[in-house]
Asker: 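Provided herewith is a single structure, encoded as structure tokens, for subsequent inquiry.
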Number of protein chains: 2
Amino acid sequence: MEKAIEVLKKNHYKVTKQRKDLLEFLNKFTVQYVSINDIADYMRSLYPGISNNTIYRNLKEFEEIGLVEYQEKDKTLVKYQCDFEHQHHHHFVCKNCGKVTELKACPIKFFTDQLPGYTVEGHALEVYGLCADCTKKLKAE
Amino acid sequence: MEKAIEVLKKNHYKVTKQRKDLLEFLNKFTVQYVSINDIADYMRSLYPGISNNTIYRNLKEFEEIGLVEYQEKDKTLVKYQCDFEHQHHHHFVCKNCGKVTELKACPIKFFTDQLPGYTVEGHALEVYGLCADCTKKLKAE
DNA sequence: AAAGTAAATGATAAATTTTACTATTTAACA
DNA sequence: TGTTAAATAGTAAAATTTATCATTTACTTT
């Protein structure tokens, strides 16, 4: 949490109550995504008249400075990004329980090899299915 | 085009004028994506009172039977999928000219290896940057 | 500590995107 | 040609996101 606030300061963003509370809530979601709706509900419980603007803008700003990630396939879902170093990685998302598993290896060379002369600036990747726990559970049934 | 209509028939969809015109328009976008807005503008030019419903529903149905693909990062963009065999592949999207290059190799094994016990049902991948032509052009400047 | 300044927020509204509903039309098929 | 089920139009509304601007607040400087 203090780290996140330092990131805010380093990027010349003001540390407001709203942002602190938003970060504190987001902090619970490092292992799975949370919907913007749920975030809005929470923030409205603290600030009954909070503006949509404030929520959407802050999430977008948090993303820009690496505090938040949007899910690739569904931009209404976000998660907290505790890895401030922007270490490159991808996600496996369990369709059953929603758990997110980080994938450390990255196959980008795999693709650059297929694209001679191209400038590869980035890539988005998400793998989905069932995590080990859910695979077991659903097999048992 | 005839192929696409056959696909419609095989899936027990009716071949309506709207669907034929929609497919004909989509057929122009096999190499880059087109926005749903542009599609709607075109369809409205033919059918002034066409319902949004018709456009959105048909695009969704076309996707289900493999005639259309949505862009991973932006679901308001779609392209025609001429490869009816559902052959698995990924896309490189040029940020400058919008051209889409198909990537034939697929690194899924790369990830399944990292996920013992998991059930991997699918994955979404998109690589982006500049295509070879745009790389050359922009370097020259 | 107080004042000044720029940024953030609230409140409201609107724009955009997507979905829902139902009567009518139309394609498929006998 | 008539029947039937699916598709569409027309309308509306839901849902999501962005815009505007006056007010408030965090940060800085004195």
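The chains referred to below are lettered A, B, ... by the order of the sequence lines, with proteins before strands, and numbering in each begins at 1. Reckoned from all heavy atoms, side chains included, excluding hydrogens, waters and symmetry mates.
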Asker: Check every atom of C:dA6, D:dT16, C:dA27 against the side chain of B:K14 and return the nucleotide holding the closest atom.
Answerer: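 Output: C:dA27.
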Asker: Using whole Å, what does the distance between atom C1' of nucleotide C:dA7 and atom NZ of A:K60 come to?
Answerer: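 Those two atoms, NZ and C1', are 18 Å apart.
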Asker: Does B:K75 or B:V15 map to a spot on DNA chain C nearer the 5' end, using the closest nucleotide for each?
Answerer: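 That would be B:K75.
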Asker: Rounding to an integer number of Å, can you tell me how far B:I50 CD1 sits from D:dT11 C1'?
Answerer: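 These atoms are roughly 15 Å apart.
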Asker: Step by step, work out the side chain to side chain donor-acceptor pair (under 3.5 Å) result for B:T119 and A:T135.
Answerer: CA-CA 6 Å; B:T119 307; A:T135 297; 2.8 Å; yes
Asker: Rounding to a whole Å, what distance do you find between B:I5:CD1 and C:dA28:C1'?
Answerer: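 Those two atoms, CD1 and C1', are 15 Å apart.
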Asker: Would you kindly give the CG-to-P distance between A:L46 and C:dG10, to the nearest whole Å?
Answerer: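 Nearest whole value for this atom pair: 11 Å.
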Asker: Return the nearest nucleotide to the side chain of A:N58; candidates are C:dT9, C:dT18, C:dA6.
Answerer: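 The listed nucleotide nearest to A:N58's side chain is C:dT9.
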Asker: Side chain of A:R57: nearest nucleotide among C:dT18, C:dA8, D:dT18?
Answerer: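 In terms of side-chain proximity for A:R57, the closest of C:dT18, C:dA8, D:dT18 is C:dA8.
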Asker: Just checking, is any N or O donor in the side chain of A:D74 or A:Y33 under 3.5 Å from an acceptor N or O on the other one?
Answerer: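 There is no such pair between these side chains.
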Asker: Let me know the distance between CG of B:L59 and C1' of C:dT17, rounded to the nearest Å.
Answerer: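 About 13 Å, once rounded to whole Å.
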Asker: Expressed in angstrom and rounded to an integer, what is the separation of A:N11 atom CG from C:dA6 atom P?
Answerer: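 Result: 20 Å.
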Asker: Centre of B:Y42's six-membered ring, under 6.0 Å away, within 45 degrees of the axis: is that where NZ or CZ of B:K28 sits?
Answerer: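 Yes, B:K28 lies over the aromatic ring of B:Y42.
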Asker: What's the closest nucleotide to the side chain of B:T16 if the choices are D:dA7, C:dA8, D:dT17?
Answerer: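 Comparing D:dA7, C:dA8, D:dT17 against the side chain of B:T16, the answer is D:dA7.
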Asker: Below 4.0 angstrom, N of the basic side chain to O of the carboxylate: do A:D21 and A:K17 qualify?
Answerer: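 The answer is no: the pair does not qualify as a salt bridge.
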Asker: Rounded to whole angstroms, how far apart are NZ on B:K17 and P on C:dA28?
Answerer: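 These atoms are roughly 12 Å apart.
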Asker: Just compare D:dT17, D:dA6, C:dA8 and give me whichever is closest to any side-chain atom of A:N52.
Answerer: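 Per side-chain heavy atoms of A:N52, the pick is D:dT17.
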Asker: Let me spell it out: for each of A:I36 and B:G49, pick the nucleotide of DNA chain D with the closest heavy atom. Which residue's pick is nearer the 5' end?
Answerer: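 Closest to the 5' end, via its nearest nucleotide, is B:G49.
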Asker: If we count only N and O atoms by modelled type, under 3.5 Å, do the side chains of B:T101 and A:Y118 hold a donor and an acceptor together?
Answerer: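 Judged by distance alone, the side chains do pair up.
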Asker: With sugar-phosphate meaning primed atoms plus P, OP1 and OP2, does A:R19 contact a base, only sugar-phosphate, or nothing at under 4.0 Å between heavy atoms?
Answerer: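 If one applies the 4.0 Å heavy-atom cut-off, A:R19 turns out to touch the sugar-phosphate alone, with no base involved.
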Asker: With no angle test and no hydrogens, is the base of C:dT18 tied to the side chain of B:N53 by a donor-acceptor pair under 3.5 Å?
Answerer: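 Under the 3.5 Å cut-off, the side chain and the base do not form any donor-acceptor pair.
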Asker: Quick one: is D:dG10 close enough that its OP1 or OP2 comes under 4.0 Å of any side-chain N or O from B:S51?
Answerer: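 For B:S51, the contact criterion (side-chain N or O under 4.0 Å from OP1 or OP2 of D:dG10) is not met.
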Asker: So which nucleotide from D:dA9, C:dT9, D:dT18 ends up closest to the side chain of A:Q18?
Answerer: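 For the A:Q18 side chain, the nearest candidate turns out to be C:dT9.
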Asker: In this structure, how many angstroms lie between the C1' atom of D:dA7 and the OH atom of B:Y56, rounded?
Answerer: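 Going from B:Y56 (OH) to D:dA7 (C1'), I get 19 Å.
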